[in-house]
Engineer: 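Take a look at the following structure, please.
Note that the coordinates shown come from a computational prediction; the quantities given were computed from them, not determined experimentally. Each chain gets a letter, A, B and so on, in the order the sequences are listed, and its residues count up from 1.
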2 protein chains.
Amino acid sequence: MGSRQTSTVHGLRRENRARALWDLYLHGPGSRQRIGAGAGVSPGTVSNVVGDLMEQGLVQESGSVPSGGGRPSSIVQIDPGYAFVLGVDVGESSVLVELFDLAMQVRGRHRIPTELARLAPAEVVEQIVAGVAAVLAQSGVATDDVLGVGVGVPGLVEHSPLAVVHAQTVGWDAVPLEALLHERTALPLAVDNGAKLLGQAEHWFGAARGAADVVVVLLGHGLGTSIFTRGSGARAPMSSPGEWGHTAVVVDGQPCRCGARGCLEAYVGAGAVAARYDVLRGGPAEGSEDLETRVTELLARTDSDPASATVLAEVVRYLGAGIGNLVNVYSPSRVVLGGWLGRQVAALRMTELAGAAARNALRTPFADVELLRADLGADAVALGAATLPVGRFLSSGGQRDAVLGSRPV
Amino acid sequence: MGSRQTSTVHGLRRENRARALWDLYLHGPGSRQRIGAGAGVSPGTVSNVVGDLMEQGLVQESGSVPSGGGRPSSIVQIDPGYAFVLGVDVGESSVLVELFDLAMQVRGRHRIPTELARLAPAEVVEQIVAGVAAVLAQSGVATDDVLGVGVGVPGLVEHSPLAVVHAQTVGWDAVPLEALLHERTALPLAVDNGAKLLGQAEHWFGAARGAADVVVVLLGHGLGTSIFTRGSGARAPMSSPGEWGHTAVVVDGQPCRCGARGCLEAYVGAGAVAARYDVLRGGPAEGSEDLETRVTELLARTDSDPASATVLAEVVRYLGAGIGNLVNVYSPSRVVLGGWLGRQVAALRMTELAGAAARNALRTPFADVELLRADLGADAVALGAATLPVGRFLSSGGQRDAVLGSRPV
DNA sequence: CCACTTCTTTCAAGGCGTGAACTAAGTACA
DNA sequence: TGTACTTAGTTCACGCCTTGAAAGAAGTGG
């Protein structure tokens with residue numbers, strides 16, 4: 001039960017409040033006229049709705065702009081300090097917690113180094129809870145002013161309806177993360193795949209912004225993707241993640257840490273890069289720095305180190321094939337490459353990568369594709385996670401009590 | 001402009017009409033009470049809405065059923081003869097036109113053998129138009145009673161906003177099919193990818209019915225797929241097609257007719273099957289029957305012909321890998337295999353196919369997957385195509401004039 | 001024949017968006 | 001300085017919508 005309940009005349013008002021709020025959130029401060037045009041409602045209704053929102057304190061007047069020989073537009077905006085949201089990035093080597101206001105400005109940050117694959121889920125939950133407490137204390141924001149906590153995790157997230165996480169690569173098998181968190185905090189929760197959330201962040205605020213159909217690829221230790229179809233810059237278009245890193249690009253090829261063979265991740269993931277480099281150099285690596293540092297340093301010397309250049313070329317070849325596949329399947333107008341490793345590859349070999357993708361894609365869908373490097377940096381996943389409670393809040397028309405449960409935006 | 005315009009109180013009524021109609025269409029005749037429960041509206045409103053629809057003639061009373069010691073439910077249904085729809089399947093070896101009533105019963109059928117790859121698009125348009133005219137004449141249905149024509153084609157369909165078809169494999173390069181058809185008929189049109197429409201048909205009426213997340217694979221001359229996510233049996237859940245057949249499963253592998261290398265279609269498509277068989281037999285084939293007949297006969301003798309069995313085993317291996325990829329990406333609860341070739345493979349080697357898929361998929365998403373053979377037969381694509389105008393009609397709340405333009409359901 | 005159950009209809013009440021008229025607040029120009 | 005014009009926002013009567021409660025309809029069981 002529970003389709004979109006716009007069947008009642010009450011829900012209609014909520015819908016129009018939501019439309020106004022989404023407009024202000026995504027396009028920034030603006031005139032009532034713009035809101036009316038975007039939502040397709042009459043000026044009278046906009047006045048009425050915006051009046052409501054201002055009375056509630058969610059929206060505030062913020063100046064005015066002249067408008068070519070007529071009454072100037074008075075500009076309204078969402079009060080950035082009306083409420084706050086938390087975003088958590090559960091990464092393979094650290095847990096990052098960030099606090100944002102409604103303008104998505106960072107109000108607090110706390111990073112806990114960790115090694116996900118060696119930790120019990122309960123320990124991770126404690127780290128998250130501790131991080132949340134630390135950030136709130138440090139920023140002086142009251143719990144009551146927090147709309148909710150978004151959490152990005154690796155692996156597959158199943159909503160049934162509480163989020164259960166399957167991340168074979170870090171040894172998480174059906175971890176009921178949302179239930180565990182519920183026991184330790186009263187804040188509304190929203191859990192989803194990290195790659196999907198990175199995509200959401202890039203789509204709302206980064207390199208994927210404004211494109212109708214976009215594919216965002218996250219390349220780091222693992223490999224993930226998220227897809228947005230036929231939703232301009234507009235509200236919650238539709239995304240779809242999945243374990244794309246574990247699709248076969250070479251049937252019966254290299255063994256992958258997931259147990260199967262020929263997965264894309266087994267060719268382009270950070271682990272694969274390091275391992276391949278060791279093979280080319282004829283021996284295991286020296287120091288015991290963490291993987292991210294090793295791979296970053298390795299890629300920094302492609303000019304002088306032939307083995308490094310070879311490894312990078314192979315990554316480009318396979319990643320290009322993978323991107324070509326995505327283009328064939330989704331025919332996006334833009335592909336954005338993010339993640340700490342992806343951004344490095346993009347910086348070094350964007351042209352070659354586009355060429356490799358072109359060889360593997362059909363002419364037609366590939367013709368209009370732009371291949372871009374992600375805009376957002378290391379905290380893109382946390383930002384994306386924070387968009388989850390924000391999205392619920394806006395879609396509910398700005399009612400804080402409506403922000404419960406765990407269905408995705 | 002033009003988001004979902006439920007902003008007005010008028011649109012609200014249309015929405016509720018649409019809800020009632022979808023309920024009756026997908027779940028069959030039923031009581032007003034069921035409609036109310038499904039749509040989440042009060043009994044009074046249901047009476048009101050259904051009364052409207054009956055006055056219009058779209059809905060009619062059809063008996064009643066007892067209900068445990070109370071007033072019996074009176075049953076209402078959509079009048080199957082209120083209007084009709086046409087579905088066209090533009091296949092690689094024939095153009096099939098079918099006429100359906102609103103209960104999706106076939107009222108007329110016309111098949112034109114053809115060879116798509118050797119025909120100019122304008123000739124195909126003529127065949128479609130001729131087929132439509134023939135079916136209407138033969139069944140005695142007036143043009144005014146036809147809601148529209150759905151057309152399924154191979155390749156990528158771009159809506160911009162009129163449908164343009166890119167089917168590299170049959171030599172269609174940016175064919176403005178919808179515009180061409182518009183010049184030759186006044187009927188409302190809807191063009192989309194054939195594999196997507198086959199999926200739609202299986203999802204509404206066939207083996208994919210009732211599943212929340214389903215992947216439907218079409219294997220014939222080419223290879224396509226369609227995906228339905230998080231929409232139970234309910235309305236227009238969301239599908240997504242694309243040239244899945246031309247994703248690389250072996251980077252730099254077999255050359256494919258699309259020009260790239262290692263495409264899945266180059267291993268499991270009908271052409272690949274025939275070619276591989278010829279290689280194993282050490283020479284080209286004898287007769288010059290069409291591909292479908294040759295491959296069908298070839299697969300009929302896997303018991304006695306080792307070369308045939310080998311070919312089939314290879315198809316299973318690669319198709320299994322492809323299906324494993326789909327499972328990893330979409331984590332469906334069900335995978336349905338259709339298309340003339342797909343149904344044969346499913347009938348012969350379902351168990352082996354599931355095994356091959358399992359080897360290539362992650363444990364978690366694969367655990368609960370059912371792999372099924374498609375229910376619907378040779379006219380599944382035409383049926384799926386016919387759902388397009390039906391879907392528009394229902395979503396508009398049963399207003400015939402609203403059935404124009406070409407955006408997908 | 002009466003009590004009870006279940007489904008459907010009727011209707012007053014309250015809420016909502018529209019469209020038109022109106023007010024507000026500027027610019028252009030004489 | 002003032003008049004005409006332009007654009008933005010507000011007010012309000014009107015019609016439409018859904019709800020919720022109450023009434024009606026059509027059965028069953030005793």
Engineer: When the distance from CG of Leu12(B) to C1' of dG15(D) is rounded to whole Å, what number comes out?
Structural biologist: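 Rounded to whole Å, this separation is 14 Å.
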Engineer: In terms of ring plane angle, is the pair Trp204(A) and Trp22(A) parallel, tilted or perpendicular, where the classes change at 30° and 60°?
Structural biologist: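 Perpendicular: the ring planes of Trp204(A) and Trp22(A) meet at over 60°.
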Engineer: Atom CZ of Arg17(B) to atom P of dC17(D): distance rounded to whole Å?
Structural biologist: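 So the two atoms are 10 Å apart, to the nearest Å.
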Engineer: Is the backbone of Asp79(B) close enough, under 3.5 Å, to the side chain of Gln60(B) for a donor and an acceptor to pair up by distance?
Structural biologist: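 Here the side-chain-to-backbone pair does not exist.
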Engineer: Under 4.0 Å between any heavy atoms, over every strand shown, what does Ser67(B) touch: base, sugar-phosphate, or nothing? Just pick one.
Structural biologist: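 Contact class for Ser67(B): sugar-phosphate only.
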Engineer: Would you call Arg32(A) and Glu61(A) a salt bridge, using N to O less than 4.0 angstrom?
Structural biologist: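 Counted as a salt bridge, because a side-chain N and a carboxylate O are separated by less than 4.0 Å.
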Engineer: Rounded to the nearest angstrom, tell me the gap between atom CD1 in Ile35(A) and atom C1' in dG9(D).
Structural biologist: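 Rounding to the nearest Å, CD1 of Ile35(A) and C1' of dG9(D) are 12 Å apart.
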Engineer: Charged N to carboxylate O under 4.0 angstrom, Arg334(B) versus Asp213(B)?
Structural biologist: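 No, no charged N to carboxylate O under 4.0 Å.
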Engineer: His10(A) NE2 to dC16(D) C1': how many Å, rounded?
Structural biologist: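 These atoms are roughly 17 Å apart.
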Engineer: Expressed in angstrom and rounded to an integer, what is the separation of Arg13(A) atom CZ from dG15(C) atom P?
Structural biologist: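 Nearest whole value for this atom pair: 11 Å.
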Engineer: Is any side-chain N of the basic residue among Arg209(A) and Asp375(A) closer than 4.0 Å to the acidic one's carboxylate O?
Structural biologist: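 Looking at Arg209(A) and Asp375(A), the cut-off is not met.
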Engineer: Tell me, with the steps shown, if Gln56(A) and Arg17(A) meet side-chain hydrogen bond (donor to acceptor under 3.5 Å, both in side chains).
Structural biologist: CA-CA 12 Å; Gln56(A) 181 184 340; Arg17(A) 285 168 59 105; 2.6 Å; yes
Engineer: Encode nucleotides 18-30 of chain C as B, S and - characters from 5' to 3', where the letter depends on protein heavy atoms closer than 4.0 Å: B to the base, S only to sugar-phosphate, - to neither.
Structural biologist: B-----BBBS---
Engineer: Can you measure Glu15(A) atom CD to dT18(D) atom P for me and round it to whole angstrom units?
Structural biologist: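 My rounded result for the distance is 15 Å.
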Engineer: Quickly work out the Asn48(B) CG to dT18(D) C1' distance and round it to whole Å.
Structural biologist: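 In whole Å, dT18(D) C1' and Asn48(B) CG are 9 Å from each other.
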Engineer: At under 4.0 Å, does any side-chain N or O of Asn16(A) touch on OP1 or OP2 of dG17(C)?
Structural biologist: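 Asn16(A) to dG17(C) OP1/OP2: side-chain N or O found under 4.0 Å.
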Engineer: Could you check whether Ser64(B) gets within reach of a base, just the sugar-phosphate, or nothing at all, counting any heavy atom under 4.0 Å?
Structural biologist: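 Here Ser64(B) touches no strand at all.
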Engineer: Whole angstroms only, please: what is the CE-P distance between Met54(B) and dT9(C)?
Structural biologist: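 Distance check: Met54(B) CE to dT9(C) P gives 8 Å.
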Engineer: Using only atom types and a distance under 3.5 Å, with no angle test, would you say the side chain of Ser73(B) pairs donor to acceptor with the backbone of Ile75(B)?
Structural biologist: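 Pair absent, no side-chain N/O of Ser73(B) close to backbone of Ile75(B).
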Engineer: Indicate whether OP1 or OP2 belonging to dT9(C) is found under 4.0 Å from a side-chain N or O atom of Arg32(B).
Structural biologist: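 Yes, Arg32(B) has a side-chain N/O under 4.0 Å of OP1/OP2 on dT9(C).
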